[in-house]
Every structure is written in structure tokens, then in C-alpha cells.
Amino acid sequence: MRHRTGPESGPLARWVNVERLPQGRGAVTVEASPAECTALAADFKIPAIRDLVGRFEISGSTNRMTVTGTVEAVVTQICTVSLEPFEGPVREPVEVVFTDTDQLAGTDAGDVEVPDPLIGGRIDFGALTAEFLALGLDPYPRKPGIAFEPVVVGEDAGPFDALRRLRDGEG
């Protein structure tokens with residue numbers, strides 16, 4: 001996963017200068033405003049997002065930082081079976097390693113999975129929150145209590161019924 005690199009990284013941006021954290025440790029909380037939730041819902045093509053919060057712990061040095069935490073929200077999605085909107089919680093764990101990209105200069109870093117880059121000693125925790133919320137969304141959401149039931153038309157209950165009838169001398 002690659003995080004956006006510019007100061008304007010999308011509808012939810014919270015840049016934090018991690019070089020200023022005491023001894024490379026700290027905590028960051030991102031709470032999205034209603035307007036930011038509306039903009040993210042439009043980006044994700046879902047009806048609504050509310051109560052979006054990312055809670056992160058930071059550890060490590062300014063050369064290599066580990067960010068752990070959770071992203072939580074209540075989202076409204078469209079049921080893929082009934083096509084009705086429904087609301088449900090999303091809770092996604094976060095664990096990402098960031099590194100100073102200058103350390104990778106002149107190495108074969110392109111050949112291996114490299115950590116996400118620190119951009120000028122900063123991390124956009126808003127973009128991180130949005131990306132992990134997107135990861136937590138069910139790609140095939142189903143409203144609770146709704147089950148997929150195959151449609152049976154006429155006497156054909158399955159694709160091999162015509163063969164069964166021929167075999168049994170019914171048709």
C-alpha cells in the first residue's frame with residue numbers, strides 16, 4: 001500500500017511531523033468531521049460514513065517508525081442481495097512501518113517490499129485513516145438477516161434436471 005505523498009492528500013489530511021516526537025514515541029488520534037466523512041463516502045462510493053476515528057501509537061526512531069492502532073467508523077453500505085442500504089460498524093487494525101526514504105538511495109530497494117516513506121519527516125495520519133477504513137469495507141456487503149437464495153424458475157431446479165429427465169425417460 002502506498003500512501004499519498006503531497007500535502008493535499010485527499011478529503012482527510014492530518015500531517016504530523018514525527019521528527020518532533022519525544023524519543024520517537026507518541027500517539028495520534030484522527031477524528032473526521034461530518035464534511036470529511038461525507039467526502040470520503042463519495043470517494044468510496046458508499047451512502048455514508050460517520051464517527052470515523054483513527055487511533056495510532058508511534059514507536060521507533062525517526063529513520064524507521066512503526067505505527068500501530070485501529071480505525072473505526074460506522075458505515076452505510078448497499079446490500080448486494082436486497083439492494084437496501086444498511087448501517088454497520090467497521091474496525092480495522094493498523095500496522096505500518098515508515099522509513100526515511102533517503103536511507104534507501106543507492107540500494108536495491110525496488111526489489112523488496114520497502115516500508116512506506118516518511119515525507120519530509122511527516123506522516124499523513126488522515127490518509128492512513130482513510131486507507132485502512134477502505135481496507136475494512138466489505139466488498140460484498142450483506143444486510144444482517146439477508147441470505148442469498150437462488151431463484152428456481154419453473155420445473156428446472158438445476159442445470160442437470162433436463163439430463164436427469166432424459167435419463168429417466170421423462171422427456
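Please read all numbers here as calculations on a predicted model, not as lab measurements. Sequential numbering from 1 along the given sequence is applied to the chain's residues.
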If you measure from CG on D43 to CG on L12, what distance do you get to the nearest 0.5 Å? 10.5 Å
Between E57 and R25 (salt bridge meaning N to carboxylate O under 4.0 Å), is one present in this structure? no
Contacts of E92 meeting side chain to side chain contact (heavy atoms under 4.5 Å, CB included) (sequence neighbours excluded), chain-then-number -> F132, L135
Ring pair (Phe, Tyr, Trp, His ring centres under 6.0 Å): pairs with one or both residues in residues 34-64, sequence neighbours excluded: F56-F125
Steps toward side-chain contact (heavy atoms from CB on, under 4.5 Å) verdict (E31, L52): CA-CA 6 Å; E31 294 186 38; L52 173 58; over 6 Å; no
Between A13 and D124 the two heavy atoms that sit nearest each other are CA-OD1, 3.4 Å
Partner residues of E95 under the side-chain hydrogen bond (donor to acceptor under 3.5 Å, both in side chains) criterion, sequence neighbours left out: none
Could you tell me whether the side chain of D51 and the main chain of A73 form a donor-acceptor pair under 3.5 Å? no
Contact between T29 and V53 at the side-chain level, heavy atoms closer than 4.5 Å - yes or no? yes
State, with a plain yes or no, whether a side-chain heavy atom of I78 is found less than 4.5 Å away from one of P141. no
Locate the shortest heavy-atom distance separating P47 from T76; write the atom from each residue and the value. CD-O, 3.0 Å
Nearest heavy-atom neighbours spanning I58 and M65: CG2-CE, 3.7 Å
Tell me whether L137 is reachable from I49 by hopping between hydrophobic residues (I, L, V, M, F, W, Y) whose side-chain heavy atoms are closer than 4.5 Å. yes
Side-chain contact, heavy-atom cut-off 4.5 Å: V96 with T66? no
Nearest-0.5 Å distance, CD of residue Q77 to CZ of residue F86: 5.5 Å
Look up atom SG in C37 and atom CZ in R50, then write down how far apart they are to the nearest 0.5 Å. 10.0 Å
How many angstroms lie between atom OG1 of T129 and atom CD of E36, to the nearest 0.5 angstrom? 10.0 Å
side-chain contact (heavy atoms from CB on, under 4.5 Å) between V94 and T70, worked out: CA-CA 5 Å; V94 175; T70 57; 5.8 Å; no
Roughly how far apart are L133 CG and E72 CD, rounded to 0.5 Å? 11.0 Å
When you look at E87 and K143, which way does the salt bridge (Lys or Arg N to Asp or Glu O under 4.0 Å) test go after all the steps? CA-CA 8 Å; E87 195 173 76; K143 187 175 179 178; over 6 Å; no
Within the structure provided, determine whether I123 and V67 are in side-chain contact (heavy-atom separation under 4.5 Å). yes
